[in-house]
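Whatever order the structure lists them in is the order used to number ligands and atoms, beginning at 1. Just so it is clear, the model here is predicted, and its values are computed rather than measured.
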Amino acid sequence: MTNLFLAVGDVNTPVNFTFFIGCMAMMAASAFFFLSLNQFDKKWRTSVLVSGLITFIAAVHYYYMRDAAMSGELTNVTAFRYVDWILTVPLMCVEFYLILKVAGATQKLMWQLIGLSTVMLVFGYLGETIKADAVMYGTLSGIAYFVIVYMIWFGSAKKLAVAAGGDVLQAHKYLCWFVLVGWAIYPIGYMDGTEGWYDVLPTEGLLDINVWYNIADAINKIGFGLVVYALASKKTA
Ligand SMILES: *C/C=C(C)/C=C/C=C(C)/C=C/C1=C(C)CCCC1(C)C
């Protein structure tokens, strides 16, 4: 890696630009979540703390990814990206568990979601590194993704949210939309950035894979955090 404070590339490319903005946005969001902690009832602080941890872990990885991207070390960007995701996506699963705990969510639910998200990411990583089999790995990853969507929209997590009702049910619904629409940006970016039958789709070559991922990360990580923040505020008021 090159000098951390003096990256060599040109910042005036969409890829590098979104790495800089992404890094700053994650840092600002982390400061916002951490500094707000004291204003919440004790039992909601963990949820907001996890929101801050998600954006903070991302901020650190964006700091390194930004540098690697500027130096043209794209394989390192992918590695940092998946280290980031393998830490932050399970924490997003923990958020579902934490808000549904009031309705009796068990750790089993949490571990099921964490297990599925790990499968989703491991296959995604294999697809991006063993490019020849991108379609097969992407499909396996996609299956795990759809099981997560099913669980939270219609399965056990949904039942708990309905049992909790009120603000928790509302927050759960928002998080479900983030997973269905916000998370869908990732497989779209993956299909854009790898080769396969989907090369005929209109998204082909639209954006660099890292631009797709950077936009999706900002929407999902900060958006998720704000939903939890809003729920904690309502429950404290
Ligand atoms: C903060 C990071 C988040 C929320 C990352 C989410 C990543 C995904 C939902 C990735 C999904 C993928 C597929 C469903 C298929 C193709 C491979 C992946 C890993 C891009």
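Applying the 4.0 Å criterion to heavy atoms of Met92 picks out, from ligand 1, the atoms 4 (C). Near Tyr190, meaning under 4.0 Å from one of its heavy atoms, ligand 1 places the atoms 16 (C), 17 (C), 20 (C). Within the listing of ligand 1, atoms 1 (C) sit less than 4.0 angstrom from a heavy atom of Thr88. Ligand 1 places these atoms under 4.0 Å from at least one heavy atom of Asp217: 1 (C), 2 (C). Atoms of ligand 1 found under 4.0 Å from any heavy atom of Gly124, numbered from 1 in the order shown, are 17 (C), 19 (C). Shown in contact with Tyr82 at under 4.0 Å from a heavy atom are these atoms of ligand 1, numbered in order with element: 19 (C).
Ligand 1 is never approached by Trp212 to a heavy-atom distance shorter than 4.0 Å. Residue contacts with ligand 1 include Gly138, since one of its heavy atoms falls under 4.0 Å from the ligand. Ligand 1 has at least one atom lying under 4.0 Å from a heavy atom of Tyr213.
Taking all atoms of both residues into account, the shortest heavy-atom contact from Ile152 to Ala157 is CA-CB, 3.8 Å.
Heavy-atom proximity to atom 14 (C) of ligand 1, evaluated over Tyr145, Phe123, Phe146, Trp183, is greatest for Tyr145.
From the protein, the heavy atom lying nearest to atom 15 (C) of ligand 1 is Ser141 OG, 3.2 Å. Scanning the protein for heavy atoms near atom 2 (C) of ligand 1, the closest one is Lys221 NZ, 2.4 Å.
Tyr62 pairs in a side chain to side chain donor-acceptor pair (under 3.5 Å) with only one of the listed residues (Thr18, Asp84, Asn214, Thr55), which is Asn214.
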